[in-house]
Amino acid sequence: MFPQDPFSGAPAPQPAAPAQTAPLLAHLNAEQLAAVTLPAGHALILAGAGSGKTRVLTTRIAWLLQNGLATPGGILAVTFTNKAAKEMVARLTAMLPVNVRGMWIGTFHGLCNRLLRAHHKAAGLPQAFQILDTQDQLSAIKRLCKQFNVDEERFPPKQLAYFIAGCKEEGMRPRDVPAHDADSRRKVEIYQLYEEQCQREGVVDFGELMLRSYELLRDNDPIRAHYQRRFAHILVDEFQDTNKLQYQWLKQLAGDVVDGRFEAHGSVIAVGDDDQSIYAFRGARVGNMTDFVREFDVQRQIKLEQNYRSYSNILDSANALISHNSRRLGKNLRTTQGPGEPVRVYEAASDFAEAQWMVDEIRQLVKNDGFERREIAVLYRSNAQSRVIETALFNAAVPYRVYGGLRFFERAEIKHALAYLRLLENPHDDTSFLRVVNFPPRGIGARTIEVLQDAAKSAGCSLHDAVSAVPGKAGANLGAFVALVQVLREQTQGHTLRVIIEQMLESSGLVEHFRTEKEGADRIENLQELVNAAESFVTQEGFGRDAVALPLDEQRGTLTQSPASQGLDPNAPVLDTPLPAAPGIVDADTGETLSPLAAFLTHAALEAGDNQAQAGQDAVQLMTVHASKGLEFDGVFIGGMEEGLFPHENAMSDRDGLEEERRLMYVAITRARKRLYLSHSQTRLLHGQTRYNVKSRFFDELPEEALKWITPKQQGFGSFAPHSGAGGAYGAGAGSRFGFKAETFASPPVPAQKAAPSHGLRVGIAVFHTKFGEGKVLALEGTGDDARAQVSFPRHGTKWLALSVAKLTVVDG
DNA sequence: ATCGGTTACCTTTTT
DNA sequence: GGTAACCGAT
């Protein structure tokens, strides 16, 4: 498809790059330059830790755009984490005055969400489908098990959830799963029932998001053809972490199988590092890298081995460690920086002492060596390890921030609030219904629920619809609950997100309930933060950005011929309307968008709240090693370097498990720029029990000459004498919400937008829509391309429409 | 039948 | 330390 460059390794000679390109390409080394200026075609870039991978990716995009080799609409860049996606957008914006909105840059799940919203009909979903997180999925499965009398001893719901997620990651529907014995047949049966339940309730889990959009592309020729033509340039970050399904998904976007041979249309650039593959436990296949080279007939591979991050003592340690792994693609990082400080290793008597040592070192780094606190990270293998360190930091009054653990949108009270909101959108969401039908308590107990579930099952309807079938006082209580939601829905019709949430908090009785609870103050505070979260979602990046649609001529992206509509499938009206460039939450057919509420709920499910990233305070960063991937810090502490913890005992069932643990350690080490500290403890309090651990085998795999062992002081650590009684009596009780609590969503409310509306609509006037007919405007939000209107249609109900896509005309009257 | 207090189990990592 | 399942008191 693209002319092949006869030189395979050399950077493509560019026809007299424009002068303005120079600063873009300045300061790139030869390897990086070659990667950025690759000619069209597929390529694999092996990018070692700290080799400027993100820089190469973003510069590549900027370079393509600047030289007219691509339009924004023709670019698809996919990552694994929201953090990485945001980082890319931020860097691109800084590089180029380009409209980033035209590009599809996001996580796999985020982009799948877009696809499914835009083509929800073809995908067989309601537009406002809700997304189940892992918790929701588990409770849905538990409910199913009760419903169908599944023996939960023999089939633990957790295991079933794992099984179902695993099947989906492999791209398997129930009928595709091989089942030879009675047990696995039963599991497949449950999988099938689970799918039916989700479909009935209009919800999808994370795996379904991927699988459904893969099938959408696979089975719908016009849609696939459209996106294949549109995305001439596909860039994949962290390719080593893709699972089987994600790879197949990429193949659908990139090309077709012709005569048993895969032929790709566009240009796919995969960036990855096999040494940093740490997600095999959730289905990631490093083998995708070699498959990619074979199936895409990759002609160019570039290794980025120059490390710009760390001093050589740190880098040598990383290289030495990872060399103990077999089956590597082979790659060695080098640096031109000097050796730097040795890697310091500390052996503590207890986890308390270990934490105290960390605090002391951190204070010295800040005081004597001029380190910023935000440039210091404490990494650990599992979240449970964070508490001791938090306590030590807290007692020493060192500001810190914890990433991971309980995330904002996963807190119980927030999930309750979200459940009410979801019921406003979709009364048939049984998971949400059950979560709050008796919370706060309103006289609806287990017995009543049982009757209701039986009624719903025999009528084949949702719990909501079965309420009227329950007789007596119990039925009346249920009716009151349904009425409450119904009234709330009517009351909030046409109101802003903020008002909707505040109303909900009041009339649901949630706030009232927590007011009377002892520990309720924190929860109420969190609920208040939910309002802030919604506020910043509406005004900042969130809803506005995703909902935007570009002007028509830009929408076509790189399409040179008319879109796939002609002559392919007369029954596919989907593509008659040109697709918006970023139909995040816009129906490709009607221009209908999600309500701000539904969009916010999607946001809550897809981004469990790591939004707290750029809060101002200079604080030490605490996180798991997994969470640290892609980040870097001047100083890094890795604690709990003990057998059973790191490497973790649960991961050691096979050889692959140990190698993954080693890669995890490799990732941890390579986070550090200047200083690296390792520590282990002889004893550790875990689940209230003292465990005696030996130091990690990884110490034996590090180069002795790069290490410096520190002997503990003989002094006791008075303030850290273990308390008597069960482990963590030191929390400050009621006030234990630490003073340095992340100001997650405490951003000041942004003043309401005052820009003059350009669409000429007003609340109350009548409008005409080509598909829905005449309707009345209930509410307006946003300006310019973001403008959207809530319109009530007599036939089709109340809908939110993106004004830049939906064809609305004002009806005289 | 429901509520509120108790216990048991958790915990490897995450979109 | 936190949550869900369990159990006795109302």
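Numbers restart at 1 for each chain; the letters A, B, ... are given by sequence-line order, proteins then strands.
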Colleague: In this structure, how many angstroms lie between the P atom of C:dT3 and the CD atom of A:E410, rounded?
Modeller: 11 Å
Colleague: Determine, answering yes or no, if A:F80 is stacked on B:dT15 under the 5.5 Å centre rule and the 30° plane rule.
Modeller: no
Colleague: Looking only at the aromatic ring of each residue, does the gap between the centers of A:F439 and A:H513 stay below 6.0 angstrom?
Modeller: yes
Colleague: If we count only N and O atoms by modelled type, under 3.5 Å, do the side chains of A:S382 and A:Q385 hold a donor and an acceptor together?
Modeller: yes
Colleague: Does A:R282 contact B:dT15 through a side-chain donor or acceptor facing the base, at a distance under 3.5 Å?
Modeller: no
Colleague: Quick one: label A:G443 by what it contacts on the DNA or RNA (base, sugar-phosphate, nothing), any heavy atom closer than 4.0 Å.
Modeller: sugar-phosphate
Colleague: Considering only side-chain heavy atoms of A:H626, which listed nucleotide, B:dT14, B:dT15, B:dA1, is closest?
Modeller: B:dT14
Colleague: Starting at atom CG of A:L379, determine the distance to atom C1' of B:dT12, rounded to an integer number of angstrom.
Modeller: 15 Å
Colleague: I need the full list of salt bridge (charged side-chain N to carboxylate O under 4.0 Å, His left out) pairs touching residues 432-455 of chain A, with sequence neighbours left out, sorted by first then second residue.
Modeller: A:R447-A:E450
Colleague: With sugar-phosphate meaning primed atoms plus P, OP1 and OP2, does A:Y279 contact a base, only sugar-phosphate, or nothing at under 4.0 Å between heavy atoms?
Modeller: sugar-phosphate
Colleague: Using only side-chain N and O atoms of A:H109, determine if any of them is under 4.0 Å from OP1 or OP2 of B:dT15.
Modeller: no
Colleague: Look for any protein N or O under 3.5 Å of an N or O in nucleotides 5-8 of chain C and output each such pair with its distance, or none.
Modeller:
{"unit_1": "C:dA5", "atom_1": "OP1", "unit_2": "A:K142", "atom_2": "NZ", "d": "2.9"}

Colleague: Could you tell me how far apart A:Q385 (CD) and C:dG1 (P) are, to the nearest whole angstrom?
Modeller: 18 Å
Colleague: Using the closest heavy atom to pick a nucleotide of DNA chain B for each, name whichever of A:R442 or A:H648 lands nearer the 5' end.
Modeller: A:R442
Colleague: Taking side chain to side chain contact (heavy atoms under 4.5 Å, CB included) as the test, write out the residues that go with A:N243, two or more places apart.
Modeller: A:E169, A:L245, A:Q246
Colleague: For B:dC3 and A:N438 - does any side-chain N or O of the residue sit under 4.0 Å from the phosphate oxygens OP1/OP2?
Modeller: yes
Colleague: Given B:dT13, is OP1 or OP2 found less than 4.0 Å from the side-chain N or O atoms of A:N383?
Modeller: yes
Colleague: With respect to the phosphate group of B:dT2, does any side-chain polar atom (N or O) of A:T448 fall under 4.0 Å of OP1 or OP2?
Modeller: yes
Colleague: Run the side chain to side chain contact (heavy atoms under 4.5 Å, CB included) test against A:V286 and tell me which residues pass, sequence neighbours left out.
Modeller: A:D274, A:S277, A:M289
Colleague: Give a yes/no on whether any side-chain N or O of A:T624 is located under 4.0 angstrom from OP1 or OP2 of B:dT14.
Modeller: yes
Colleague: Expressed as a whole number of angstroms, how long is the span from A:E660:CD to B:dT14:P?
Modeller: 12 Å
Colleague: Between A:N477 and A:E649, which residue's closest nucleotide on DNA chain B lies nearer the 5′ terminus?
Modeller: A:N477
Colleague: Could you pull out all residues at least two apart from A:E170 that satisfy side chain to side chain contact (heavy atoms under 4.5 Å, CB included)?
Modeller: A:M172, A:K244
Colleague: Just to be sure I understand the rule, does A:K158 reach a base, reach only the sugar-phosphate, or reach nothing, if contact means heavy atoms closer than 4.0 Å?
Modeller: sugar-phosphate
Colleague: Expressed in angstrom and rounded to an integer, what is the separation of A:Q135 atom CD from B:dC10 atom P?
Modeller: 17 Å
Colleague: A:Y194 ring centre to A:R143 NZ or CZ under 6.0 Å, with the angle to the axis within 45°?
Modeller: no
Colleague: When the distance from CG of A:L685 to C1' of B:dT11 is rounded to whole Å, what number comes out?
Modeller: 15 Å
Colleague: What is the distance, rounded to the nearest whole Å, between atom CG of A:D241 and atom P of B:dT13?
Modeller: 17 Å
Colleague: Identify, with sequence neighbours excluded, every residue that meets side chain to side chain contact (heavy atoms under 4.5 Å, CB included) alongside A:A377.
Modeller: A:L379, A:Q621, A:F633
Colleague: Send over the distance from A:L138 CG to B:dC10 C1', rounded to a whole Å.
Modeller: 13 Å
